[in-house]
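These numbers come from the heavy atoms of this one structure, side chains and all, not from hydrogens, waters or symmetry mates. What you see is a predicted model, and the numbers here were worked out from it, not measured in a lab. Numbers restart at 1 for each chain; the letters A, B, ... are given by sequence-line order, proteins then strands.
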Amino acid sequence: MSENNGTSTNFIHSIIEKDLESGKYGGKVITRFPPEPNGYLHIGHAKSICLNFTTAQKYGGKCNLRYDDTNPVKEDVEYINSIEEDVRWLGFEWDERLWASDYFETMYNAAVALINKGKAYVCDLTADEMKTYRGTLTEPGKESPYRSRSLEENLSLFADMKDGKYAEGAKVLRAKIDMSSPNINMRDPIIYRIAHAVHHNTGDEWCIYPMYDFAHPIEDAIEGITHSICTLEFEDHRPLYDWCLREVGWWPTPPQQIEFARLNLTHTVMSKRLLKGLVDDCVVEGWDDPRMPTIAGLRRRGYTPEAIRDFCDRIGVAKSNSTVDVGLLEHCVREDLGGRVESRNVVENPIKVIITNYPEGILEEMEMENNRNVPEMGTRRVPFGREILIDGDDFMEVPSKGYFRLYPGNEVRLKGAYFITCTDAIKDEQGNIVEIHCTYDPQTRSGEGFEGRKVKGTIHWVEATTALPIIVRHYDYLMTDDESGESRINPDSVTEINAFSEPSLTAVRPGDRFQFFRHGYYIADSRLTQGDHRVFNRIVDLKSSFKVTK
RNA sequence: UGGGGUAUAGCCAAGUGGUAAGGCAGUGGAUUCUGAUUCCAUCACUCGCAGGUUCGAAUCCUGCUACCCUAGCCA
């Protein structure tokens, strides 16, 4: 239920509660969501967003939105808007919206402070040389010949770097730690590099940029972040995170980094590289294609922020790599939509039904519930007449075992209308069924309390002369997970189906969601109107334990 | 081969020395004018494996095994 959002606890909460008890941060809890503006947010980011924002809420703290924009060559302002839209759409509001690039001056000063302490030096090694000097996983590295430069020389060289006197790659600033550390991140990591690039925020003010490992702890410290939550792959970087803060020494109570496992989902991919590939190769329409696991894609698909937040709450937060079954996400969506969306009659692969004993030229109005589980959502009137369309799946000439919808000789209820009994299936020369003949029983009209006999099946229908032709789109999973565990692109993940709805769907507005009787939850997509036909995207199907096999 | 992590049901996940929460999926049943929803029941004699400590171990100790991360001037 959406009321459960953010109510679960996890190991990060335990850490925070211990810190609260010990008074480590003076009772404060400040988190942050720090995306690099180099792409669209996906549901994996949603997990991080929910974690950071709800954790702050839970302890009466704050959560900042901070752009980790320390690499001008990969970032772009175009992503900023989408990130803010997505975070807000999910239902969160940041305390402050900040840019790491606004701290460049402080970071530069921190680097100078490190040089002054003899804890950083300018290195002239090329990238290739640096690689060989770094050593391997099993062999220690070698100290750079530039490691012993004097303090004055380092200071002046670093100033020259800042002043643009060197080409990209000519020099870097390195932390002086330990070339023989078993943790490669501690083998004199680069903390500043030269990049003659225009930065979206600072323009050409800087030509040297701090590396993540140096910048991130400082960003956190400047903002007074108490708990810096990131993903597992940064565990090895934590000693460096702590080193930077300790050696710069400007913050008495530095933030602590805590790592958790990123989200993986079955039948999809979360890698930005692969997602971008799908967009670039036109496998999908764009970042907001309804099949994409991006926030924009999920939004266009019709998922609600409540469902996504509920999902993030239910999957939990831990440190083991895991792949969550996408069925859980779908469950969350069904549960949320089931309590807030109106139902409509829509038939796919229609079959014409003629009710032979119903008067010709007459239309009566049937009153139908908008949401059977939520009576307060009221009713609507739907036309009914002699000729109706029913769903292709609701008739079988030769019923399979256990089938209890319409077949010759069987009686079913037309939802909101009458009982009908199939008397005949009319075929063309090729043997295809063109129409079905039925008779109805006037005393079984819906709402009149007929108790004479029961029928097992209830099917939906649309009056033929007032039916509105629409197009529905069904989405299959983006990726197929085969037995080998390999994930590959599902090439046929969109199916368009011609369907007919009751006339009330004429008044639909883009973004309106409905349950199409027994089919699933659908959303009207403003971008997908084809000619006069409104197009509906299937958000998620309904659970069904009976599959029709013809 | 160094270092850092993680192993609890088909999938997630609580649990931190006192006798295995919860959710998803599944199964059986009840209700149903949606084969939906709802409801009830059921679903780990056992916690990666092997030893050990203890009255008592998923929890502590020892030794193994498997998987993930890590050698960008990306984040």
Visitor: In whole angstrom, give me the gap between the C1' atoms of C43(B) and G5(B).
Guide: 32 Å
Visitor: For Thr136(A), which contact category applies under a 4.0 Å heavy-atom criterion: base, sugar-phosphate, or nothing?
Guide: base
Visitor: Rounded to the nearest Å, what distance is computed from the CG atom of residue Asn185(A) to the P atom of nucleotide C73(B)?
Guide: 11 Å
Visitor: Pick one: which of Arg147(A), Arg174(A), Arg149(A) meets salt bridge (charged side-chain N to carboxylate O under 4.0 Å, His left out) with Asp124(A)?
Guide: Arg149(A)
Visitor: Can you find a side-chain donor-acceptor pair between Asn38(A) and Lys272(A) that sits under 3.5 Å?
Guide: yes
Visitor: By nearest heavy atom, map Ser14(A) and Ser446(A) onto RNA chain B; which one lands nearer the 5' end?
Guide: Ser14(A)
Visitor: Among C68(B), G2(B), G35(B), find the nucleotide with the atom closest to the side chain of Phe546(A).
Guide: G35(B)
Visitor: Could I get the full list of side chain to side chain contact (heavy atoms under 4.5 Å, CB included) partners for Pro35(A), not counting sequence neighbours?
Guide: Phe33(A), Leu41(A), Leu65(A), Tyr67(A), Ile83(A)
Visitor: Under a 3.5 Å cut-off for both distances, is U27(B) Watson-Crick or wobble paired, and to whom?
Guide: A41(B)
Visitor: Pick base, sugar-phosphate or nothing for Val73(A), based on heavy-atom distances below 4.0 Å to the nucleic acid.
Guide: nothing
Visitor: Can you tell which of C69(B), C24(B), G2(B) lies closest to the side chain of Glu233(A)?
Guide: C69(B)
Visitor: What nucleotide, of C33(B), A75(B), G2(B), holds the atom closest to the side chain of Arg413(A)?
Guide: C33(B)
Visitor: Here's one to test your reading of the geometry: is the NZ or CZ of Lys415(A) within 45 degrees of the ring axis of Trp461(A) and under 6.0 Å from its centre?
Guide: no
Visitor: Among C24(B), U6(B), A71(B), which is the nearest nucleotide to the side chain of Lys319(A)?
Guide: U6(B)
Visitor: Rounded to whole angstroms, how far apart are CG on Asp188(A) and P on A71(B)?
Guide: 17 Å
Visitor: So, His519(A) and Asp391(A): side-chain donor and acceptor under 3.5 Å apart, yes or no?
Guide: yes
Visitor: If you compare every side-chain N and O of Thr266(A) against the phosphate oxygens of C11(B) (OP1, OP2), does one of them come in below 4.0 Å?
Guide: no
Visitor: Students often get this wrong, so: under 4.0 angstrom with heavy atoms, is Tyr192(A) touching a base, only sugar-phosphate, or nothing?
Guide: nothing
Visitor: What is the separation between atom NE2 on His13(A) and atom P on G15(B), rounded to the nearest whole Å?
Guide: 11 Å
Visitor: Side chains of Asp19(A) and Gln256(A) only: does a donor on one sit below 3.5 Å from an acceptor on the other?
Guide: yes
Visitor: So Phe450(A), base contact, sugar-phosphate only, or nothing? Heavy-atom distance under 4.0 Å.
Guide: nothing
Visitor: Does the side-chain ring of Tyr212(A) lie flat on the base of A75(B), meaning centres under 5.5 Å and planes less than 30 degrees apart?
Guide: no
Visitor: Could you tell me the separation between the CZ atom of Arg445(A) and the P atom of C33(B), rounded to a whole number of Å?
Guide: 18 Å
Visitor: Can you tell which of G72(B), A7(B), U37(B) lies closest to the side chain of Asn373(A)?
Guide: U37(B)
Visitor: Give the rounded distance in Å between these two atoms: CE of Met186(A) and C1' of G3(B).
Guide: 12 Å
Visitor: Is any side-chain N or O of Arg134(A) closer than 4.0 Å to OP1 or OP2 of G72(B)?
Guide: yes
Visitor: For U53(B) versus U70(B), give the span between their P atoms, rounded off to a whole number of Å.
Guide: 41 Å
Visitor: By the 4.0 Å heavy-atom rule, please label Gly447(A) as base, sugar-phosphate, or nothing.
Guide: base
Visitor: Check the distance between C69(B)'s P and Glu235(A)'s CD and give it to me in whole angstrom.
Guide: 12 Å
Visitor: Think Ser8(A) has a side-chain N or O under 4.0 angstrom from the OP1 or OP2 of G22(B)?
Guide: no
Visitor: Identify which nucleotide among G35(B), C33(B), C73(B) has an atom closest to any side-chain atom of Met130(A), counting heavy atoms from C-beta outward.
Guide: C73(B)
Visitor: Using the closest heavy atom to pick a nucleotide of RNA chain B for each, name whichever of Ser320(A) or Pro35(A) lands nearer the 5' end.
Guide: Ser320(A)
Visitor: Any side-chain N or O of Arg193(A) under 4.0 Å from OP1/OP2 of A75(B)?
Guide: yes
Visitor: Taking U59(B) as the reference, what is the distance to G35(B) when you measure between their P atoms (whole Å, please)?
Guide: 49 Å
Visitor: At 4.0 Å (heavy atoms only), tell me whether Tyr209(A) reaches a base, stays on the sugar-phosphate, or touches nothing.
Guide: nothing
Visitor: Using the P atom as the point on both nucleotides, what is the distance between A41(B) and G4(B), in whole Å?
Guide: 48 Å
Visitor: Base, sugar-phosphate, or nothing for Val172(A), non-hydrogen atoms under 4.0 angstrom?
Guide: base
Visitor: Please confirm whether the shortest side-chain N or O distance from Arg174(A) to OP1 or OP2 of C73(B) is below 4.0 Å.
Guide: no
Visitor: Distance check: side-chain N/O of Lys543(A) vs OP1/OP2 of A25(B), anything under 4.0 Å?
Guide: yes
Visitor: Could you tell me whether a side-chain N or O of Asn10(A) sits under 3.5 Å from a main-chain N or O of His13(A), the two making a donor and an acceptor?
Guide: yes
Visitor: Choosing from G35(B), C11(B), A75(B), which nucleotide comes nearest the side chain of Arg405(A)?
Guide: G35(B)
Visitor: Using the C1' atoms only, state how far A13(B) lies from A21(B), rounded to an integer number of Å.
Guide: 9 Å
Visitor: Is the base of G52(B) syn or anti, if syn means a glycosidic angle within 90° of 0?
Guide: anti
Visitor: Counting the atoms with a prime plus P, OP1 and OP2 as sugar-phosphate, which does Leu125(A) contact under 4.0 Å by heavy atoms, base, sugar-phosphate, or nothing?
Guide: base
Visitor: Would you tell me whether Tyr79(A) and His200(A) have side-chain atoms, one donor and one acceptor, within less than 3.5 Å of each other?
Guide: no
Visitor: Could you tell me if the side chain of Lys171(A) sits less than 4.5 Å from the side chain of Arg193(A), heavy atoms only?
Guide: no
Visitor: Quick one: is G35(B) close enough that its OP1 or OP2 comes under 4.0 Å of any side-chain N or O from Thr458(A)?
Guide: no
Visitor: Looking only at the side chain of Met211(A) (C-beta and beyond, no hydrogens), which of the listed nucleotides C73(B), G3(B), A25(B) gets closest?
Guide: C73(B)
Visitor: Looking across every strand, which nucleic acid part, if any, lies under 4.0 Å from Ile315(A) by heavy atom: base, sugar-phosphate, or nothing?
Guide: sugar-phosphate
Visitor: Report the nucleotide, chosen from C74(B), G23(B), A71(B), that has the shortest atom-to-atom distance to any side-chain atom of Arg314(A).
Guide: G23(B)
Visitor: Please measure how far the C1' atom in G10(B) lies from the corresponding atom in U16(B), and state the result in whole Å.
Guide: 28 Å
Visitor: Identify whether any heavy atom of Thr126(A) sits under 4.0 Å from a base atom; if not, whether one sits that close to sugar-phosphate; answer base, sugar-phosphate or nothing.
Guide: base
Visitor: Just to be sure I understand the rule, does Ala318(A) reach a base, reach only the sugar-phosphate, or reach nothing, if contact means heavy atoms closer than 4.0 Å?
Guide: sugar-phosphate
Visitor: Using a 4.0 Å heavy-atom cut-off across all strands, classify Gly141(A) as base, sugar-phosphate, or nothing.
Guide: nothing
Visitor: May I ask you to say what His237(A) touches in the nucleic acid, namely base, sugar-phosphate or nothing, with a heavy-atom cut-off under 4.0 Å?
Guide: base
Visitor: Under 4.0 Å, counting only non-hydrogen atoms across every strand here, what does Gly457(A) touch: a base, just sugar-phosphate, or nothing?
Guide: nothing
Visitor: Determine: side-chain N/O of Arg518(A) to OP1/OP2 of G35(B), distance under 4.0 Å, yes or no.
Guide: yes
Visitor: With a 3.5 Å cut-off and heavy atoms only, can you find an N or O donor on one side and an acceptor on the other between the side chain of Asp236(A) and the base of G3(B)?
Guide: yes
Visitor: Side chains of Tyr521(A) and Glu330(A) only: does a donor on one sit below 3.5 Å from an acceptor on the other?
Guide: no
Visitor: Please state the C1' separation for the pair G72(B) and U1(B) - nearest whole angstrom.
Guide: 22 Å
Visitor: Using the C1' atoms only, state how far G26(B) lies from C33(B), rounded to an integer number of Å.
Guide: 28 Å
